[in-house]
Amino acid sequence: MKLAWAIYLVGLVLIIIYFNTGSTVAFVIGFGLQLIGFIIQTINKKKANEKSI
């Protein structure tokens, strides 16, 4: 779970860098990392819900 948050936050930092510098590469990588982090979190939540049932 911490890995997913770390990936998400790195993506967020890259998007902030994009807004300050206008670097399209930073935006694309940052957005991709945020998406990956969000997907990992969603999968982890589903697994946790299945275990508790």
Side-chain angles (χ1 to χ4, degrees):
M1 199 67 172
K2 289 180 182 177
L3 176 67
W5 272 110
I7 292 172
Y8 184 82
L9 290 175
V10 169
L12 189 61
V13 167
L14 284 171
I15 287 179
I16 291 169
I17 290 170
Y18 159 74
F19 282 118
N20 288 329
T21 63
S23 171
T24 308
V25 175
F27 177 77
V28 170
I29 294 172
F31 188 75
L33 286 175
Q34 279 196 313
L35 204 57
I36 291 168
F38 181 75
I39 290 168
I40 292 172
Q41 285 176 334
T42 306
I43 291 169
N44 286 341
K45 284 180 184 175
K46 286 183 180 177
K47 285 181 181 176
N49 287 343
E50 288 172 3
K51 287 179 184 175
S52 64
I53 293 175

What's the spacing between Asn20 CG and Ile15 CD1 if we round to 0.5 Å?
-> 12.5 Å

To the nearest 0.5 Å, how far apart are NZ in Lys46 and CD in Glu50?
-> 8.5 Å

Check side chain to side chain contact (heavy atoms under 4.5 Å, CB included) between Val28 and all other residues, then give those that pass, not counting sequence neighbours.
-> Thr24

Hey, what's the ring geometry for Tyr8 with Trp5, parallel, tilted or perpendicular (30° and 60° as the breaks)?
-> perpendicular

Starting from the C-alpha separation in whole Å, work towards a yes-or-no answer on side-chain contact (heavy atoms from CB on, under 4.5 Å) for Leu14 and Phe27.
-> CA-CA 6 Å; Leu14 284 171; Phe27 177 77; over 6 Å; no

Would Tyr18 end up clustered with Phe31 when hydrophobic side chains under 4.5 Å apart are linked, directly or stepwise?
-> yes

Gap separating the CD atom of Gln34 from the CD1 atom of Ile29, nearest 0.5 angstrom | 13.0 Å

So if you build clusters from Ile, Leu, Val, Met, Phe, Trp, Tyr with side-chain heavy-atom gaps below 4.5 Å, do Ile40 and Val13 land together?
-> yes

Where do Ala26 and Ile17 come nearest, in terms of heavy atoms and distance?
-> CB-CG2, 4.3 Å

